[in-house]
Amino acid sequence: MKSSILSRLLCAALSGLLALSALASCANGSDPGEQGGASSPSAADAVDAEPEETEKPYLDNLPETMDWDGYEVRFLTAEETHSVELDEDGTSGGTQLDATIADAYWRRNEALLSRMNAGMRLCEKTGYGNFSATATQSVTAGSDDYDVFVGHTRFNVALAASGIVMKLNENGFMDTIDIQAPYWSQLYIENINYKDNIYWLSEDLTHNFISIIYAMFVNNTVLNNFYPGEDVYGMVLEGGWTLDKMASLCEGVYQDLNGNSEVDKADAFGVVMQKGHTLNGMVFANGVTYTGIDDGGNYSVVLNNEHTVDVFNKLHNIYYNTNYALMLDNADFDGTAVDMFTGDRLLFCPYTIGLAGNEKVRSMESDFMIIPLPKYDDQQETYRVNQYDGVPIYGCPTTLPADRIPMIATWLEADCSMTSKIVIPAYYDLALKNKYSRDATTAQMIDMIHDSITADFCFYWGDSVGSLMDIFYNNIQNDEFASTLKKNEKVWAKTLKKLIDKLEG
């Protein structure tokens with residue numbers, strides 16, 4: 001890490017949550033709601049501590065060298081994205097990055113600076129709740145404060161419907177940015193944007209895109225205590241890992257460890273769940289679809305159906321009618337679930353895949369497995385995963401001067417390409433699949449999870465469509481769900497129409 005780089009960049013580079021974007025993924029696909037394969041980094045692209053000098057550190061078709069006269073691309077970021085700042089001590093947004101990943105980002109920065117004679121500067125980082133207000137205030141004032149917005153999908157995607165974020169495909173960006181390239185997620189781009197209009201981009205600009213994919217962590221010690229010889233990997237590979245199978249393995253795992261005759265967080269459980277975004281991950285895994293698109297290209301909310309109700313009923317029964325499953329409040333989930341899992345008091349822990357890099361998890365004496373979240377049943381053909389709703393998304397303010405667009409477009413394309421080449425293999429191949437994994441098969445499971453990503457327009461725009469994103473975790477404690485879906489249908493249809501009118505305006 002060279003101090004000269006810091007002085008030229010001022011703020012360093014797009015990094016991501018390893019805690020827990022294709023987390024480089026979000027993926028490739030077509031129709032919203034359908035499963036799509038993410039652009040999986042190949043082992044051949046994996047970088048060692050020092051890449052071969054003869055190998056080009058990029059995958060794009062831009063010139064090998066460019067001169068942008070030392071310009072610093074100016075960023076406004078949402079706090080949770082952790083995708084622009086990288087301090088000299090290897091922290092990003094207060095999150096300590098693994099040395100392997102931090103080093104890869106620094107090498108990416110050096111290669112970008114050398115290739116483009118341009119750096120980046122973090123002008124402001126806000127809480128994701130304040131991001132939209134800050135961006136809106138800047139644009140409505142006609143100010144030239146930022147070149148790139150890096151937002152949180154759920155809370156900031158709606159800027160595209162309010163004239164704050166530029167329509168990239170109508171302003172020359174697509175002359176330079178090749179969204180068909182493997183380092184951009186066609187699936188995610190199609191589902192956070194409307195039809196052919198492109199406001200937001202995402203994938204390999206940050207390893208965060210991969211780290212926030214949902215998965216299931218399995219504690220081997222607990223598994224062997226109750227089910228010695230159980231071949232979990234074989235079950236997954238044969239397609240038999242279902243919600244019912246998970247429930248059956250959780251049976252009998254509960255133990256009242258503190259002897260108070262009450263079910264509480266000090267006890268041992270089969271599975272936990274967050275009454276929040278992780279529950280949405282389980283819903284996606286069980287084949288629930290939010291968006292329908294007819295032959296005429298018209299969007300609708302298709303959540304009200306028998307399958308959605310069946311998934312709800314199974315999940316409600318597991319978490320509210322048994323003693324082996326624990327539903328945790330949103331704010332309590334992260335700390336409690338990790339403590340239970342690392343303390344050998346939990347068999348199954350649904351979480352984002354970046355949990356593998358968590359310090360407590362890495363220091364566990366017990367081994368663990370990482371497998372997909374369970375399917376609904378044997379009739380569901382494939383495993384299905386999605387990502388935490390805060391995937392970092394990249395757009396540009398409508399106040400961006402036209403004469404600067406070629407430079408910013410070139411920067412985004414080069415940055416995504418070079419991050420894909422230098423950083424993503426360091427995280428995906430070296431760290432996640434090797435350094436953090438406890439056995440060789442886990443790497444195969446990670447590929448399976450990564451290649452099973454799906455995305456859904458109405459889900460991501462849920463805050464603009466009748467609080468659609470909250471429907472499960474606001475109601476999971478209730479005995480009945482069908483009437484709730486029916487009651488909300490008209491609200492969803494009305495709010496979706498208003499949204500589409502804005503996007504088509």
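Worth knowing before you read on, the calculation uses all heavy atoms, side chains too, and leaves out hydrogens, waters and symmetry mates. In this text, all values refer to a predicted model and were calculated from it rather than measured experimentally.
Distance alone, capped at 3.5 Å, places no donor-acceptor pair between the T454 side chain and the R384 backbone. Judged by distance alone, the side chain of T399 and the main-chain N or O of S143 form a donor-acceptor pair under 3.5 Å. Looking at T291, its side chain does come within 3.5 Å of a backbone N or O of C458 through a donor-acceptor pair. N193 places a side-chain N or O within donor-acceptor distance of the main-chain N or O of W200, the cut-off being under 3.5 Å. In terms of modelled atom types and a separation under 3.5 Å, the side chain of T336 and the main chain of D332 share a donor-acceptor contact. Here the side chain of S363 pairs a donor or acceptor atom with the backbone of E359 at under 3.5 angstrom. Using modelled atom types, one side-chain atom of S437 and one backbone atom of L432 make a donor-acceptor pair closer than 3.5 Å. A donor-acceptor contact shorter than 3.5 Å is absent between the side chain of S420 and the backbone of C416. Of the possible polar contacts, none joining the W184 side chain to the L201 backbone as a donor-acceptor pair under 3.5 Å is found. Without hydrogens or angle criteria, S417 side chain to L59 main chain gives a donor-acceptor distance under 3.5 Å.
Every residue meeting the salt bridge (charged side-chain N to carboxylate O under 4.0 Å, His left out) condition with E170, not counting sequence neighbours, appears here in chain and number order: K167. Contacts of D178 classified as salt bridge (charged side-chain N to carboxylate O under 4.0 Å, His left out), with partners at least two apart in sequence or in another chain: none. Scanning for salt bridge (charged side-chain N to carboxylate O under 4.0 Å, His left out) contacts around D470 gives R154, with sequence neighbours left out. A search for salt bridge (charged side-chain N to carboxylate O under 4.0 Å, His left out) contacts involving K494 returns nothing, not counting sequence neighbours.
Within a 6.0 Å radius of CD in E504, other residues, nucleotides and ligands contribute more than 12 heavy atoms. In this structure, D501 places its CG atom where more than 12 heavy-atom neighbours from other residues, nucleotides or ligands lie under 6.0 Å away.
Listed by first then second residue, pairs satisfying salt bridge (Lys or Arg N to Asp or Glu O under 4.0 Å) with a partner in residues 61-71 number zero, not counting sequence neighbours. Pairs engaging residues 397-407 under the salt bridge (Lys or Arg N to Asp or Glu O under 4.0 Å) rule: D144-R404, D147-R404 [sequence neighbours left out].
Side chains of L373 and Y383 form no contact here, defined as non-hydrogen atoms less than 4.5 Å apart. Side-chain contact check for S185 versus S202: every heavy-atom pair is 4.5 Å or farther apart. Side-chain contact between I476 and M273 is absent, with no heavy-atom pair separated by less than 4.5 Å. Counting heavy atoms from C-beta on, the side chains of E124 and D145 never come closer than 4.5 Å. Residues I371 and V218 meet the side-chain proximity criterion, which asks for heavy atoms closer than 4.5 Å. Between E203 and Y188 there is no side-chain heavy-atom pair separated by less than 4.5 Å. Two residues are said to be in side-chain contact when any heavy atoms from C-beta on lie closer than 4.5 Å; Y299 and K195 meet this criterion. In this structure the side chain of L62 reaches within 4.5 angstrom of the side chain of T176, judged on heavy atoms.
When each of Y388, Y460, F131 is checked for a ring pair (Phe, Tyr, Trp, His ring centres under 6.0 Å) with H152, only Y388 meets the rule.
Separation of atoms CG (D175) and CD (E413) is listed at 11.5 Å; rounding is to 0.5 Å. Atom-to-atom distance recorded for L112:CG and T419:OG1 is 6.5 Å, nearest 0.5 angstrom. To the nearest 0.5 Å, atoms CG (N434) and OG1 (T442) are separated by 10.5 Å. Here the OH atom belonging to Y58 is positioned 15.0 Å from the CG atom belonging to D415, to the nearest 0.5 angstrom. Rounded to the nearest 0.5 angstrom, I198 CD1 and N171 CG are separated by 12.0 Å. Rounded to the nearest 0.5 angstrom, Y146 OH and T77 OG1 are separated by 10.0 Å.
Among all heavy-atom pairs drawn from L499 and V465, the shortest one is CD2-CG2, 4.0 Å. The minimum heavy-atom distance between M66 and P63, with the atom names listed, is CE-O, 3.6 Å. Of all non-hydrogen atoms in Y214 and H277, the two that sit nearest each other are OH-ND1, 2.5 Å. Of all the heavy atoms in R438 and S366, the pair that sits closest is NH1-O, 3.0 Å. The two residues L159 and S132 come nearest to each other via the heavy atoms CG-OG, 3.9 Å. Nearest heavy-atom pair, A215 versus I449, reported as atom, atom and distance to 0.1 Å: CB-CD1, 3.8 Å.
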- Give the C-alpha distance, both sets of side-chain angles, the deciding distance and a yes or no for side-chain contact (heavy atoms from CB on, under 4.5 Å) between F368 and F341. CA-CA 9 Å; F368 61 87; F341 187 74; 3.8 Å; yes
- Message: Is there a side-chain hydrogen bond (donor to acceptor under 3.5 Å, both in side chains) between N130 and T134? Walk through the geometry before answering.
- Response: CA-CA 6 Å; N130 298 324; T134 302; over 6 Å; no
- Message: Between N358 and F217, is the side-chain contact (heavy atoms from CB on, under 4.5 Å) condition met? List the steps.
- Response: CA-CA 12 Å; N358 178 279; F217 286 74; over 6 Å; no
- Working for side-chain hydrogen bond (donor to acceptor under 3.5 Å, both in side chains), residues Q274 and Y351: CA-CA 9 Å; Q274 178 194 40; Y351 216 101; over 6 Å; no
- Could you go step by step and tell me if N330 and K275 meet the side-chain contact (heavy atoms from CB on, under 4.5 Å) rule? CA-CA 5 Å; N330 185 44; K275 197 176 182 185; 5.7 Å; no
- Message: Pair D389, T153 - check side-chain contact (heavy atoms from CB on, under 4.5 Å), show working.
- Response: CA-CA 6 Å; D389 56 50; T153 296; 5.7 Å; no
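Under the 30°/60° scheme for interplanar angles, the aromatic rings of Y128 and F155 are found to lie parallel. Between F284 and Y290, the angle of the ring planes stays under 30°, which puts this pair in the parallel group of the 30/60° scheme.
With respect to the salt-bridge test (charged N to carboxylate O, under 4.0 angstrom), the residues D339 and K265 do not qualify. Between K421 and D204, none of the side-chain N atoms (NZ, or NE/NH1/NH2) sits under 4.0 Å from a carboxylate O, so this pair counts as no salt bridge.
Y436 and D98 share a donor-acceptor pair across their side chains, judged by distance under 3.5 Å alone.
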